Amino acid sequence: MENISFWLYMLMYVVVLGIAWFLVGKFNQEYKLYCKFSKGDEMLKLMAKDPLRFHNSIVYLMVCAMHSNYSSLQYDKLKLIVRYICEVCPVVYQKEMLVNLKKLIGDEEIRNRFSGDKPIIDIDSFLKGKPDFIKKFVTSYVISLNGVGLAEEMSKILSEDDKIYLMYLLFRIATANGRFTTTGSESSMDVMKKLCVDGLKIAKKELDLLILQYTNKNLQGWYDEHFGRKRDLYPSFDQIGNIFRSEDKPFAFVDQVKETVMTKSVCDVLSHSIVLSFIMYIVIACRMSSDNYLWMLPFVFIHLGGLFVIEGFNPLSYSGLESIRYYILRTKKENDYLLRFLIFNAVFSFVFIFILLWGVSYLLYLDGYKLWWI
C-alpha cells in the first residue's frame, strides 16, 4: 500500500511538471507573438490583408464618428454605415459584419432594457432580402468607444489619399443627419478632430477645409478637387468607395494572425491548477494533527484571489480587448495591456506551480518518506 502511495505522489509530480511545461511553452508562444506585434508594422500589415478585419475596423471608426457618447442613436448615420456594409464589403462577410455592428451599437443591450422591442438591425429580414431591416428608434443607451488608437493603426497602412478618403467617409457619417456641432467635448468637431487629426494623422488644415466646404454647401466641389482625377481608385461623389487595396489572396494570411492573444487553454489550465492546489491543501490540513488551521487562511485567500483574477480578468472576456471582440486591427494599447497580463499570469503560474510541488513534497513527508528534496 505504501508503494502505491509513493508512486501516486510521483505521478502527481509528473502531472505538475507537465502543467509547468505546458504553461512555459504557451507563455513563450505568446511572448513571441507580442514581439512580432510590437516590433515594426509587419503583423499589422498582415492583419490588414484580411478583408473582414479591415472592413470591421472601418465600421468601428464609423460608429465612433456617430459620436462616442450620445443620448440617442442617429438613424440616418446608422443607415449610411449599413449602406457601406451592403455596397462595399464582400457579400460573404455582410451578415457577420451586421452582427458585429449590432454589438458595436449595443443592439442586444437596448432590447434587454426595453423588453419586447424589436432589434434595431434585423438580421433575418436582411437575409430575406427585405430593404427595411433597420428600424427607427429612440433610446437613452450610452455607447462609449474610443477609435483614436485604431485610427492610429489605420494611418500606418493607408496611403495619404486613402486617409483623406476615410476622413471624408467619417465626415459623411458625422453629418448624415444634416447637423455638424462644434461645441462640447462630444461635438462633431471634437470627434472628427480626435479620429482624423490625432488618429489618422491628417493635417488639421485638411479637416478645416473639408468643414469649410461643407458649411459653404460645396462638399461635392471639395470631393471632385481631391478625387475627381482618380476615378480608377475612387467612385463618383454619390457612391461609397472601397479603400481595401490588398491584391493578395486574403485567406492565405488570416490563419497566421488569428490568435492575437493568449489562448483560452492557458487560462483553463491555470484555473484547474489553482483548484488542484486548493484541494491538496485541504487534504494536508485534514491530515495534520494540529487543530489550529489559521495557517491555512493565507493559502485560502491566495487560491480564491487567483481564481477571481484568472476567471474575472481573462483577456478573452475582457471588454477592453476590442481586436478580439469586434475582430478589428490590434492596437498598441492592447499590445501593452497583453504584455502586462502575460507577466502577471507568468508570476501567478510560478507561484501556484511552486505551491503544488511543495504540497506534494509535504504529503510525502507526512507519509514518512525521507527524500533528499523534502
Side-chain angles (χ1 to χ4, degrees), residues 29-30 32-66 81-105 121 123 145-159 162-163 165-167 169-170 173 195 199-201 240-264 315-338:
Q29 177 184 343
E30 176 65 18
K32 287 180 178 178
L33 189 61
Y34 163 79
C35 291
K36 287 182 179 179
F37 274 102
S38 59
K39 295 177 182 178
D41 300 325
E42 290 306 311
M43 288 298 285
L44 174 66
K45 292 176 181 177
L46 202 59
M47 293 178 80
K49 291 179 184 290
D50 179 356
L52 178 58
R53 196 184 290 273
F54 181 90
H55 288 301
N56 272 338
S57 300
I58 298 291
V59 169
Y60 181 99
L61 293 176
M62 286 179 164
V63 174
C64 291
M66 289 175 67
I81 296 176
V82 171
R83 182 184 163 193
Y84 172 85
I85 293 174
C86 294
E87 293 184 10
V88 172
C89 304
V91 175
V92 67
Y93 300 130
Q94 289 179 4
K95 177 187 174 182
E96 191 171 348
M97 293 192 67
L98 287 172
V99 171
N100 195 51
L101 177 58
K102 285 167 68 71
K103 287 193 292 184
L104 283 167
I105 65 173
I121 301 174
I123 300 295
L145 297 174
N146 180 12
V148 177
L150 180 58
E152 288 177 349
E153 301 305 312
M154 293 295 292
S155 71
K156 299 174 185 177
I157 60 175
L158 296 178
S159 67
D162 283 345
K163 285 194 286 186
Y165 188 80
L166 179 54
M167 176 182 72
L169 285 181
L170 298 179
I173 298 293
L195 292 176
L200 291 174
K201 309 302 180 186
I240 299 179
N242 183 5
I243 56 174
F244 179 71
R245 306 296 183 196
S246 177
E247 296 179 357
D248 298 300
K249 293 181 179 180
F251 299 104
F253 300 91
V254 175
D255 288 340
Q256 297 182 42
V257 290
K258 187 171 289 183
E259 294 296 342
T260 61
V261 69
M262 188 185 305
T263 56
K264 189 176 185 298
L316 294 171
S317 62
Y318 183 64
S319 60
L321 294 181
E322 294 177 330
S323 62
I324 297 172
R325 187 178 181 187
Y326 303 122
Y327 199 71
I328 58 178
L329 299 179
R330 177 164 160 173
T331 62
K332 184 179 182 301
K333 180 180 178 181
E334 286 188 351
N335 214 36
D336 294 341
Y337 169 81
L338 288 171

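Please read these numbers as outputs of a predicted model, since none were measured by experiment.
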Notebook entry, point to check: In Å, rounded to the nearest 0.5 Å, how long is the span from CG of Leu61 to CG of Leu169?
Noted result: 10.5 Å
Check: With a 4.5 Å heavy-atom cut-off, do Ile85 and Leu98 have their side chains touching?
Finding: yes
Check: So, Lys156 and Glu153, do they make that salt bridge, N to O below 4.0 Å?
Finding: yes
Next item on the list: Answer yes or no: is there a donor N or O on one side and an acceptor on the other, between the side chain of Thr331 and the main chain of Gly149, under 3.5 Å?
Entry: no
Checklist line | Closest approach of Ala151 to Leu195 (non-hydrogen atoms, all atoms of both residues) | finding: CB-O, 3.5 Å
Check: Looking only at heavy atoms, what is the nearest atom pair of Val59 and Met97, with distance?
Finding: CG2-CE, 3.6 Å
Next item on the list: Using a strict 4.0 Å threshold on nitrogen-to-oxygen distance, state whether Glu152 and Lys201 make a salt bridge.
Entry: yes
Check: Roughly how far, to the nearest 0.5 Å, is CZ of Phe37 from OG of Ser323?
Finding: 7.5 Å
Next item on the list: Supply the atom-to-atom distance Lys103 NZ to Asn56 CG, rounded to the nearest 0.5 angstrom.
Entry: 8.5 Å
Next item on the list: Ignoring hydrogens and angles, state whether a donor on the side chain of Tyr327 or Asp50 is under 3.5 Å from an acceptor on the partner side chain.
Entry: yes
Check: Between Glu42 and Lys36, is there a donor-acceptor pair closer than 3.5 Å when you use the side chain of the first and the backbone of the second?
Finding: no
Check: When you measure from the side chain of Tyr84 to the backbone N and O of Ile240, does any donor-acceptor pair fall under 3.5 Å?
Finding: no
Next item on the list: Quick one: pull up OH in Tyr165 and CG in Leu158 and give me the separation to the nearest 0.5 Å.
Entry: 12.5 Å
Checklist line | Heavy-atom pair with the smallest gap, counting every atom of Ser57 and Met154 | finding: CB-SD, 4.0 Å
Next item on the list: Measure across Pro51 and Lys49 and return the closest heavy-atom pair with its distance rounded to 0.1 Å.
Entry: CD-O, 3.2 Å
Margin query: Please give me the minimum heavy-atom distance between Gln94 and Cys86, naming the atom from each residue.
Written below: NE2-O, 3.2 Å
Checklist line | Salt bridge flag under 4.0 Å for residues Glu87 and Arg83 | finding: yes
Next item on the list: Might you point out which heavy atoms bring Ile328 and Arg53 nearest each other, and give the distance in Å?
Entry: O-NH1, 2.8 Å
